[in-house]
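Notes follow once the structure below has been shown.
Remember, it's 1-based here, ligands and their atoms both numbered in the order they're listed. Computed over heavy atoms, backbone and side chain alike; hydrogens, waters and symmetry mates excluded. Keep in mind that what you see is a predicted model, and the values were worked out from it rather than measured.
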Amino acid sequence: MKVKAPRGTNDILPQDTAKWQYLENVAKNVFKRYNYKEIRTPIFEETGLFQRGIGEGTDIVEKEMYTFEDKGGRSITLRPEGTASVVRSFLENKIYGKAQPNKYFYLGQMFRYERPQSGRYRQFHQLGVEVLGGDSPAIDAEVILLGLEILRELGLEGLEVHLNSVGCPKCRESYKEKLIEYFKPYLEELCSDCQSRYERSPLRILDCKVDKDKNFLAEAPKIHEEICDECGDHFSEVKTFLDLLDIDYILNPKLVRGLDYYTRTAFEIIYKGLGAQDTIFGGGRYDGLAQEIGRRDVPGIGFAMGMERILLTLEEQGIELPIDESIDLFVITIGEEAQRSAFSYLHKLRRAGLKVEMDYLGRSVKGQMKAADRNNASYSIILGEDELQKGVATIRDMKIGDQVEVELKKLVEEMTDRIEN
Ligand code: ATP
Ligand code: MG
């Protein structure tokens, strides 16, 4: 039997993990500056959490979840996203009783049963933030800005910020009626999914991928023009904060979420050069979600960013991350005794903080030189029987090519000095 990785999953090999770590570090530094703390929730949850927290009738819950029964007969689902778990944890751990707001970030694998293609996988990685316990428009602007800041620090350009407000359940009721009225004459022209959405959640017709180019869609009533005064004020403050920071945005009335617990601000950050899967991150406010999951009123907002899509965008824009995988020193040995004594120096040098490697396979000196090159060593030292007897080692600067002899007992000190300078 030939074993392969499951369809839609990817191995991230050592030659690529440095990029992932770089990306994670950039994000973590930004999170620190914005005072967001990491939260780690389980990778699987009771299925009911996602049914409530993402919502029956969404693509994720209807078609994309990895759901199974565990040996105890419980229905378990691999997390398809992070928000529901974070809100569950917030409620379960009664954090609503502490000082607010609480600002979280998370990083990790998500699972969705989708048709794999570029930028779309069955196991993928998101980094995301959630802010719970505050509904100030400044938070909305901060969340968008924070996401953009991560991408800016990676060197990405040409991103579009799409922005909308979906109002609140109250003001959305009359908007929904308007939409139903508006779409009535076009019902036949809608795709079959949208025909069934028509009564239940007409808003979702607006962001349908099948119907997106139909002319009557562009003319549909725009929600940000229909929302109540309170929601309108909130939205204009969000825009004011973004203007203050010189963030350009495109008002996109088709950016909607169909479910009642999504409220007010909705946004997506897009890079057109990615083709069909061009959203790098998206999110919005969900002031009704904690009520849905745990019968508490806790306002919230967040975003989730696809890490694979960030890496694809970096590639697309030809950005090389400044990744240094070189080592400080490669120890070349001649003879068994030298190899043994090198082994203890190796340990001392590593303990002193240097990145050091040696040959384990009994290669020739020439072969070890090549290995030093392959490892991008800044220095190599040669340890042979003569050197051992004299108590010295020859240090070779691999860039310039010059060599000096140092006393073995000063080797660690000498190498640390050289590397630090
Ligand atoms: P899409 O329209 O691409 O299906 P979505 O609305 O399902 O996106 P969200 O649930 O908002 O996406 O997820 C946030 C981000 O996570 C997306 O913008 C994208 O970058 C990433 N993402 C979502 N699904 C996948 C996937 N299957 N593979 C890789 N990345 C994904
Ligand atoms: Mg999707």
Inset, instruction - Give me the ring orientation class for Phe281 and Phe267: parallel if the planes are under 30° apart, tilted from 30 to 60°, perpendicular past 60°. - result: perpendicular
Inset, instruction - Identify the heavy atoms of Pro80 and Met65 that sit nearest to each other, and give their distance. - result: CG-SD, 4.2 Å
Inset, instruction - Decide, yes or no, whether a salt bridge links Asp193 with Lys209 under the criterion of side-chain N to carboxylate O below 4.0 Å. - result: no
Inset, instruction - Check the pair Tyr182 / Glu219 against side-chain hydrogen bond (donor to acceptor under 3.5 Å, both in side chains), numbers first and verdict last. - result: CA-CA 9 Å; Tyr182 176 81; Glu219 303 297 320; 5.8 Å; no
Legend entry - Side-chain (Asn93) to main-chain (Ser89) donor-acceptor, under 3.5 angstrom: yes
Inset, instruction - Search all heavy atoms of His234 against all heavy atoms of Arg285 and return the closest pair with its distance. - result: CE1-NE, 3.8 Å
Legend entry - Minimum-distance protein heavy atom relative to atom 18 (O) of ligand 1: Thr279 O, 3.3 Å
Legend entry - Closest to atom 17 (C) of ligand 1 among Arg115, Gln117, Arg309, Met307 (heavy-atom distance): Arg309
Inset, instruction - May I ask you to identify the nearest protein heavy atom to atom 26 (C) of ligand 1, giving residue, atom name and distance to one decimal place in Å? - result: Phe124 CD2, 3.5 Å
Inset, instruction - Determine whether Leu329 and Ile419 make a side-chain contact, defined as any pair of heavy atoms from C-beta on separated by less than 4.5 Å. - result: no
Legend entry - atom 27 (N) of ligand 1: nearest protein contact (heavy atom, Å): Glu114 OE2, 2.6 Å
Inset, instruction - Please confirm whether Tyr121 comes within less than 3.5 Å of ligand 1 when only nitrogen or oxygen atoms on both sides are compared. - result: yes
Inset, instruction - Specify the protein heavy atom at minimum distance from atom 29 (C) of ligand 1: its residue, its atom name, and the distance to 0.1 Å. - result: Gly119 O, 3.2 Å
Legend entry - Side chain, backbone, both or neither: Lys209 near ligand 1, heavy atoms under 4.0 Å: side chain
Inset, instruction - Using a distance threshold of 4.0 Å (strictly less than), state whether atom 11 (O) of ligand 1 has a protein heavy-atom neighbour. - result: no
Inset, instruction - May I ask you to decide if the ring planes of Phe216 and Tyr186 are parallel, tilted or perpendicular, using 30° and 60° as cut-offs? - result: parallel
Inset, instruction - Pick one of side chain, backbone, both or neither for how Ile280 approaches ligand 1, counting any non-hydrogen atom pair under 4.0 Å. - result: backbone
Inset, instruction - List the closest protein heavy-atom neighbour of atom 7 (O) of ligand 1: residue, atom name, distance to the nearest 0.1 Å. - result: Arg112 NH1, 2.9 Å
Inset, instruction - Have a look at ligand 1 and work out which part of Gln126, if any, has a heavy atom under 4.0 Å from it: side chain, backbone, both or neither. - result: side chain
Legend entry - atom 4 (O) of ligand 1 [closest protein heavy-atom partner, distance rounded to 0.1 Å]: Arg120 NH1, 2.9 Å
Legend entry - Close side-chain approach of Glu226 and Ser174, heavy atoms under 4.5 Å: no
Inset, instruction - Looking only at distances, please establish whether an N/O atom of ligand 1 is found under 3.5 Å from an N/O atom of Gly306. - result: yes
